[in-house]
Each structure stands twice: as C-alpha cells, then as structure tokens.
Amino acid sequence: MSHGGGGHAAELFPETQVLGIGLVLALIGMYIANFLPEYAMLIGGALTVPACVAGANTTRKVAAYGLGTGVPSIGMVSLGMGTISALAAVYLPVALGIDSMATPIIAVIVSLLIGAIVGKLTQNPVGMKVPIIVSSMIKLSLMGALSILGFCTAFAGGFSAKVFIPGAIETGMIGLAFIAAGIAILHPFNACLGPNESHRRTMYLAIACGLLAWLVFAISKLDAISVVISAVLWVATYAMFVKMSLNDASDVLYTPELPKKEE
Amino acid sequence: MDISSIILPLVEITLAGAIINASVHFVPVGGAPAAMATSTGVGTGTTQLAAGAGFTGLLAAAGMAAQPGIIASNPLHALLIMLSGAVGAMIMLGLTMLIGQLIYVYGVGIVPAADKCDIDPITKDPQSAFITPGTTGHGIPTVCFVSGLIGAALGGIGGGMAYVGLLGLGFTIPAIAGVLAVGFFFMNAVLASYNIGGTIEGFHDPKFKKMPNGVIASTVSSLVAALILVGMSMGL
C-alpha cells in the first residue's frame, strides 16, 4: 500500500527556509502573546500558522516516500510527540526553578530530543526504509510542539504555568489544539497527493488549513477581530486553492442527476 | 517526593507503552483495500483504529478513576481502572468490527474469509475456498474478530496503566493526565503501525512475528517519555 503516487514533484520552496520561517515566527508569536495578552489571539494565533505550514511541508516531503500506513499516521505521531514536549515545556521551568520565559526554548529542545529518539527507533528496531525519516521526525516533532504551544498560548494569553494550566489545559483547549493543528499538518498532503501533485497547490491548502485552525481558536476565544481577519484570509486562500485545483485538472465534469427511469 | 513514588510510575508508564505497542499488532487492520472489501480487516489505518479503541479505553479508565472511593495507589483499585479501560476499548472495537461486518456481509455481499490461514484456528472452518480470486480475503472472520478483541483489551489495559502511572506521579487534574496519556498513546500506536507497515490480520498473520521489534522500540521511547514526565512532575 504505497502512498504518494507520483513520487516527488518539484520542490518550489526549500524545506529549510520554510522550517526556519515557521520556527522563528512561531517563537516571536509566543513571546508577543505572553507579553501582550490582549493581542494574544490576533498576533500569537496568526504567527502559529507558519509553524503548521512548515509541519505540512515536511509531511509532504517524508510521506512522498510511501510510509505504508497512510499520511495521517505521521501527522499523529508528530502531534503526540508535540503534546508531550509542549506540556513538558510548561512544567519543566517550575521543576528546574528557571524563569518561565524559557518555555518556548525548552519546547524546542525537548521536541528535538523526543523526535530524534523516536526517529532513530523507527529506523533501527522497527526498520522503516525511508532515508529521511530521522530528520523528518525531528522536524515534525518540533513543528507539532510549536503549533500546540502556539495556539494554546494564544488562547490562554501566556505560557507561564500559572496562566497556561488553568487557561489552556483545564479548559480542554489543548485537546482542540491537538486535533486542529494535527489536521493542519497531516491533511494538506493527504488531500493533494497523487500524480500531478504540485508543491504550490499543497502549500496553499496548508496555509488554508492553518488559517482554519486559527479561526477555530479565535471563535472559541470570542475574539472578534481575529475571527474576521482569519475568516477573510481563510476564504481567500481556500478560494485560491480551489481555483488552482480546477486549473490543474485536465477537465472538470459535474455529475448530473441520475435519470429517473432507464431508457 | 521519595524514590519509590517515582520508580513505580516510571515502570508503569514504560510497561504501558510496551503493552500499547503489542496491542496494536492484534487489531485486524485492512487499510484502503479493506474499505473496498478486497482485503481482510476493518477498512481504515492502524493508527485510527488503535486511537479509537485507545481513547475509549482511556475515557473508561478515567471515568473509573474519578469514582468516589477509588484510590489509584491501591493496587486493587489500579487493577479496576485498567480493567475498566480494557472493557471500554473492547466495546469500542467490538462494535466497530460488528457494524463493519454487517456492512461487508449484507451491504457489499461478501463471505468473511481470512487470507493468511487455510483453516480458521478457532472455528476450524476452511477459508481459502471462499476468497475471491485477485483479493486478499474479505470481511472480518472469527479469528480476526477474536484477535481484535484481545488487542483492544490489551490497548485499554495499557492506556489505563499509563493513566494510573500519571496519577501516581501527581498529575491529579484529569485533563492533564488525559492529554498526556493521549500524546503518549499516539506515539506508541504509530511506532507499532510503522512496525506492521500497512495491514495485518491478527495473531495468525506472519507479520505478527515482527512484534518484538515494535515492543523494544516502544519500551525505549516510553522510558524517555516517562523520564520527561517524572521531570515535569517535580514542578507540581
């Protein structure tokens, strides 16, 4: 059961650049959300979208090798490792007695560690035959942690334990972050894979999915400005994606209504 | 916090990861071909099935843990929490397989038949004569159903054990323990699904012999996760 039919389409955007932009913007977003809680959802939420897009880009690259278990599995493992890293980053500063300002940095370090170990394990005893699996697991774990921590920080208005735990965990928002960010990471390539897959089209869907995740969070926080901005941007990117899909298709036929009687 | 209150949850969480990984190998997963009834098993991926059963088991375990009078540190009560998880997961996967089977038999119109064994080890019914040429079995024959139930029970016990371990570490708020257990469950379920590499019919499948690799991988990754969780619990 091989996925990713057409193999690798041309890579239009270099992976390291996309990852770098995602990492830097998500970190900036978290710090802004922490220092300016009134703009947390607007800026923090918006700047978490690039992390989701970077995750989706790495998913596209690794899943094109054919995982054998479907694209969603790697998105789910990314979010599983991300949840543990994000929560570790909230609790560890309290345990180690360091300032809570280190939370995003700890999330990065812990997710890199877990990603490297799980990646090595998928290669050695398990025997995955994907050459880039270790580096991809590291990147996916990092982006999973950043998107969960980013959306939850944007919702709670800060990442210190005493703001984050009642604001994002006890309210159950972290569960929403798990699945909304998960869909933003795993869905774009899962929907676009196959022959004639184009990087540009997949990335448009990734941006649309990231914005949709932001919209969901904005609605749950009842932040009117974020709802309007994310909704407008989401509709615009999704419309672009649909337009590109129709352009790239060889022909578009709409199914007519079935005839009432056989003639 | 003394050392014994760290060692026990550490062992519980590590063991839970190994059990969760083993449990996934029992679940009959058919993937996309099974969704078209051209392969034995339930028509979805390993991760989704394991997650469905695992979450239900986790909720059942958390529900039992929240009952008044249940103390997770009491071994008997911990056993009750794990058994509750096992029953929850078994109901979930049993219903999934039953309804899937109804659709396969009465909707698609196939005869359930296992491809990986000539004679069903449980009912002793011949299987190979009923397989449509060009397919690798169809539906969920008895042996796969029983294997799936065993897998779900193990998954529920594993999820429940991870939950008990997290409670033992001091994550007493159900939301935190639950979310951590979910992340932990997914990590191990996906490692198992990569070990299987697509589809498996159950314990009679030749791929089942690859299970030790997956269990070793999960033991190592769970130990790392458990060490991080112990570090986190210091801040409670």
Side-chain angles (χ1 to χ4, degrees), chain A residues 1-3 66-97 110 113-114 117-118 120-130 133 141 144 148 161 165-166 168-175 177-179 182, chain B residues 21 29-34 39 44-48 50-51 55 171 173-199 210 212-236:
Chain A
M1 200 171 68
S2 170
H3 288 270
L67 299 169
T69 54
V71 182
S73 68
I74 201 144
M76 283 293 135
V77 76
S78 145
L79 270 291
M81 297 186 290
T83 310
I84 296 177
S85 317
L87 280 170
V90 173
Y91 277 98
L92 280 178
V94 190
L96 304 174
V110 175
L113 177 79
I114 298 185
I117 291 169
V118 174
K120 277 277 172 214
L121 288 171
T122 54
Q123 213 170 32
N124 201 345
V126 171
M128 285 281 279
K129 298 216 168 37
V130 176
I133 190 81
S141 163
I148 288 183
I165 294 169
I169 301 179
E170 285 174 27
T171 52
M173 270 303 141
I174 194 157
F178 184 92
I179 209 70
Chain B
N21 191 305
V29 180
S39 174
T44 183
T46 331
T47 325
Q48 286 84 344
F55 284 174
F171 294 98
I173 303 168
I176 299 176
V179 167
L180 283 171
V182 165
F184 179 78
F185 192 94
F186 258 121
M187 205 171 82
N188 288 305
V190 174
L191 271 177
S193 98
Y194 286 164
N195 190 38
I196 297 166
T199 61
K210 283 169 74 183
N213 291 340
V215 172
I216 292 166
S218 263
T219 311
V220 177
S221 70
S222 305
L223 185 63
V224 174
L227 287 172
I228 293 171
L229 291 169
V230 167
M232 286 161 67
S233 72
M234 304 284 185
L236 287 169

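Convention: sequence-line order gives letters A, B, ...; per-chain numbering from 1.
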At a 4.5 Å cut-off on heavy atoms, which part of A:Leu96 comes close to chain B: side chain, backbone, both, or neither?
neither

Measuring from atom OH of B:Tyr194 to atom CD1 of A:Ile133, what distance do you get when rounded to the nearest 0.5 angstrom?
5.5 Å

For chain A, which candidate among B:Ser193, B:Gly45, B:Pro212 shows the most heavy-atom pairs at distances under 4.5 Å?
B:Ser193

Does the side chain of B:Leu229 come within less than 4.5 Å of A:Tyr91's, by heavy atoms?
no

Atom of B:Ala217, atom of A:Val126 and distance for their closest heavy-atom approach
CB-CG2, 3.7 Å

Applying side chain to side chain contact (heavy atoms under 4.5 Å, CB included) to A:Leu87 and B:Val179, what does each step give before you reach the verdict?
CA-CA 9 Å; A:Leu87 280 170; B:Val179 167; 3.9 Å; yes

Contact part of A:Val90 toward chain B, heavy-atom cut-off under 4.5 Å: side chain, backbone, both or neither?
neither

So, using ring-ring contact (aromatic ring centres under 6.0 Å, His included) as the criterion, who are the partners of B:Phe185 when residues are at least two apart?
none

Note: A:Ala95 and B:Met234 closest approach over all heavy atoms is CB-CB, 3.6 Å

Heavy atoms, side chains only, cut-off 4.5 Å: are B:Met187 and A:Ile114 in contact?
yes

Closest approach of B:Ala175 to A:Ile169 (non-hydrogen atoms, all atoms of both residues):
CB-O, 3.5 Å

Drop me the distance from A:Ser78's OG to B:Phe186's CZ, to the nearest 0.5 angstrom.
11.0 Å

Test ring-ring contact (aromatic ring centres under 6.0 Å, His included) applied to B:Phe184 - qualifying residues, sequence neighbours left out:
none

Chain A: which of B:Ile216, B:Ile176, B:Thr46, B:Leu180 shares the most heavy-atom pairs with it under 4.5 Å?
B:Ile176

Please flag which part of B:Val224 lies under 4.5 Å from any non-hydrogen atom of chain A: side chain, backbone, both or neither.
side chain

Atom of A:Ile84, atom of B:Ala225 and distance for their closest heavy-atom approach:
CD1-CB, 4.4 Å

Does any heavy atom of chain A fall under 4.5 Å from the side chain of B:Leu191, the backbone, both, or neither of them?
both

Which atoms of A:Met76 come close to chain B, meaning under 4.5 Å heavy atom to heavy atom: side chain ones, backbone ones, both, or neither?
both

Mind listing the closest non-hydrogen atom pair of B:Ile228 and A:Ala88 along with its distance?
CG2-CB, 3.6 Å

